[in-house]
Amino acid sequence: MPPKSKGKGRKGMKQQQKRNVAENQAEEEYRKAALEVDMPKEHLVPWRNMTWQARADNEVLKQRLWDLEKALEQAWEDKRDIHKEMTQQYQQLQKQTAAHSQRLQAKVKSLQEQLATRLRESQQTQETATQALAERDRTIAQLQGRLNAMEREYEMILHGSLDLMLAKMAEASQNWEEVGTTITMEHKERLQEFSLNPLEI
């Protein structure tokens, strides 16, 4: 019996020793593993901080990119609006310019027509005035000719009338002289009948 108990005691000690060795090995492995785990953690802290910073920078960049996209989109919208407004203004200006040009062309055409009409009227007036002056000159020449003819005729008539009047006056004077002489002779004879001297009377 004693040997059996001795054998059991040895076996139990071996098992205990094995357990102790296993525990020691486990602890050693745990320490090694902990050291290995702690060492990457220490090395990972900067990388983790860099990752956080990178994520933060990435968010900032995303925000800036979004802002830039919005600004670019707004700029494109503003550009489209400005281009649209400028196009509308240009088209409106073209319409106004075309309308103004048409009005000017119509006005120029009207003025040209009026000028042509005035020139024709002026030419006609000048021709009429020239014709009137020529007619006036012809009329004056005709009237002057008639007047000269009438003056010559009146002069001839006047001279003829004067000659006729002078002749009649001479004839009448002669008749009056004859009548006077006859009357004088008759008075003289009658005075002599009464024995009167005509010279004394």
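Excluded from the calculations below are hydrogen atoms, water molecules and symmetry mates; all remaining heavy atoms, backbone and side chain alike, are included.
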Enter the distance from Gln144:CD to Asp137:CG here, rounded to the nearest 0.5 Å. 12.5 Å
From CZ (Arg103) to CD (Gln96), nearest 0.5 Å: 8.5 Å
Mark yes or no for whether Ser110, through its side chain, and Ala106, through its backbone, hold a donor-acceptor pair below 3.5 Å. no
How long is the span from the CE atom in Met165 to the CG atom in Leu158, to the nearest 0.5 Å? 9.0 Å
Could you check whether any side-chain N or O of Ser122 sits under 3.5 Å from a backbone N or O of Arg118, counting only pairs where one atom can act as donor and the other as acceptor? no
Within-4.5 Å side-chain heavy-atom neighbours: Trp66 and Gln63: yes
Separation between CD of Gln74 and NZ of Lys70, rounded to the nearest 0.5 Å: 9.5 Å
Output, in order, the C-alpha distance, side-chain angles, deciding distance and verdict of side-chain contact (heavy atoms from CB on, under 4.5 Å) for Lys109 and Glu113. CA-CA 6 Å; Lys109 185 177 180 181; Glu113 292 176 352; 3.5 Å; yes
Hey, are Glu171 and Lys168 close enough for a salt bridge, meaning a charged N less than 4.0 Å from a carboxylate O? no
Does the side chain of Arg120 come within less than 4.5 Å of Thr117's, by heavy atoms? yes
Verdict with supporting geometry, Met156 and His159, side-chain contact (heavy atoms from CB on, under 4.5 Å): CA-CA 5 Å; Met156 291 174 62; His159 286 299; 5.8 Å; no
Roughly how far, to the nearest 0.5 Å, is the NZ atom of Lys84 from the CD atom of Glu77? 12.0 Å
May I have the step-by-step check of side-chain contact (heavy atoms from CB on, under 4.5 Å) for Gln123 and Glu127, ending in yes or no? CA-CA 6 Å; Gln123 186 176 0; Glu127 291 176 356; 3.6 Å; yes
With a 3.5 Å cut-off and no angle check, do the side chains of Thr139 and Arg136 form a donor-acceptor pair? no
Look up atom CG in Asp81 and atom CD in Gln88, then write down how far apart they are to the nearest 0.5 Å. 10.0 Å
Run the side-chain contact (heavy atoms from CB on, under 4.5 Å) check on Tyr154 and Met150 step by step: do they pass? CA-CA 6 Å; Tyr154 288 152; Met150 289 175 67; 3.2 Å; yes
Considering residues, nucleotides and ligands other than Glu69, do more than 12 of their heavy atoms fall under 6.0 Å from its CD? yes
